[in-house]
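Working notes for the structure below.
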Number of protein chains: 2
Amino acid sequence: MARAGITTERLILMGAELADEVGIERVTLAEVARRFGVKTASLYSHVANTAALDDGISLLALAELAELATEATSGRAQREALAGLANAYRDYALAHPGRFAAMLRPLTPEVAAASAGPRHARLTEAVLAGYGLTPEAHPHAVRLIGSTVRGFITLEAAGGFAHSAPPAAESWRSIIDALDALLRNWPAPDSSHHGHTTSERNHA
Amino acid sequence: MARAGITTERLILMGAELADEVGIERVTLAEVARRFGVKTASLYSHVANTAALDDGISLLALAELAELATEATSGRAQREALAGLANAYRDYALAHPGRFAAMLRPLTPEVAAASAGPRHARLTEAVLAGYGLTPEAHPHAVRLIGSTVRGFITLEAAGGFAHSAPPAAESWRSIIDALDALLRNWPAPDSSHHGHTTSERNHA
DNA sequence: GAAAAATCCTAACATGTATAGGTTTGGCGT
DNA sequence: ACGCCAAACCTATACATGTTAGGATTTTTC
């Protein structure tokens, strides 16, 4: 019987492809083994367990997307850079929904400690450098961009825009315009509202 | 042997509590049964299957949050209403992470068809009514708010802000301020950029 | 109080994860 | 060329969850 020639990398890649086809939550060692024509137990020579496979897919996606995002922003500034970054994310999520979903899940603590940390945030920081924000506003703006992009993409993936006009792509462009405008005109800290509302009491 | 007195509602509530404790992905009929002191198979008199339990938790969260959000926005406008809505979401997510995560997952198609549709969007629309946006901008703004709130909350829950300053709550307030400013000054559609960039070619 | 219905049970099977320990294969040194 | 050995793969086993079928028991209803 010829061997399947499995390596950890090929295994993770197979898992990533499977994720894109059926969703990350249905990626199973049993199914990956089936696709390699191998018994499930055999995979434990290449990965420690299911969590390790998930981590691998996550890190693969992280690396692939970082590459694309870097390319999409280099040599650009302001709206061009912002749109490049945002589109890199959305395009990747549409092309590789399973990988992208895997990437959103927190890594296993040990792996997280060993891996490269917040590559995303650093990319966003580079984009925002062109907007001349104040040092206090900067991290908030980074988080706003990250939140909005993540939120939009996951909402779209969950079908949140499917049953209503206008098409998602149109809102996407509009939202990028809006964020660009906002970054160009970031509001000064407003101290005129100090927890008036009930729900703000917990946010003092 | 006295009976456990399980009803569909109590079962779903137990599932919701379990979700808040251990995460929605670890909510299992077996564990729920254990907590009721009952065999797993017995639960099938009350729910069709695991998917139905998930749907139930999802709908419970949807209803609870809609109630809170309605309360938090009624009688308010502009920033007050926006902050009320956003804080209602975040407070709920912090208090009930499992329920909230359940809510983000798409419902089973049959249940989705039968249920009340996009209650969220309607609440956001009400908030935005006070900003006097143009009819074209309106749906985009609704989606921006929804995306940002969802994105921030899930990022925070995933620990995305845990290992860097400033504290999440500070960014949260700043982001609400920024969104408020943006809604008050929504940019006119900008036609000056027509797919220059590589990554925009697919977004014509 | 008996019939009917709801609740809970046991039993069985399917799928997935994981470990232990055995067999085969392919490369490597001599 | 040949034998060794480590890696790749296997069988067997144990256990968890999900799900269905059909039986027993409690509760409700008339």
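So that the names make sense, note that chain A is the first sequence line, chain B the second, and so on, each numbered from 1. The model shown is predicted, which means the values in this text are computed figures rather than measured ones. Every heavy atom of this structure was used, including side-chain atoms; hydrogens, water molecules and symmetry mates were not.
Atom CZ of B:Arg35 and atom P of D:dT17 are 13 Å apart (whole Å). Atom CG in B:Leu11 sits about 13 Å away from atom C1' in C:dT7, given to the nearest Å. Taking atom NZ on A:Lys39 and atom P on D:dA8, their separation rounds to 19 Å, with Å as the unit. Between the CD atom of A:Glu25 and the P atom of C:dG16 there is a distance of 14 Å, given to the nearest Å. Here C:dT7 presents its P atom at 17 Å from OH of B:Tyr44, a figure rounded to the nearest Å.
The two atoms that bring A:Tyr131 and A:Arg79 nearest to each other are OH-N, 3.2 Å, heavy atoms only. Between A:Leu182 and B:Ala178, the shortest heavy-atom contact is CD1-O, 3.5 Å.
Within the nucleic acid shown, A:Ser45 comes within 4.0 Å of at least one base atom, counting heavy atoms only. Among the atoms of the strands shown, only primed sugar atoms or phosphate atoms (P, OP1, OP2) are found under 4.0 Å from some heavy atom of A:Ala4. In this structure, B:Arg26 reaches neither bases nor backbone, as no heavy-atom distance under 4.0 Å exists between it and the strands shown.
Ring planes of B:Tyr89 and B:Phe100: perpendicular class, angle over 60° (limits at 30 and 60°).
Remark: B:Arg34 is in phosphate contact with D:dT17, judged by side-chain N or O atoms under 4.0 Å from OP1 or OP2.
Below the 3.5 angstrom threshold, one finds no donor paired with an acceptor across the side chain of B:Arg3 and the base of D:dT27.
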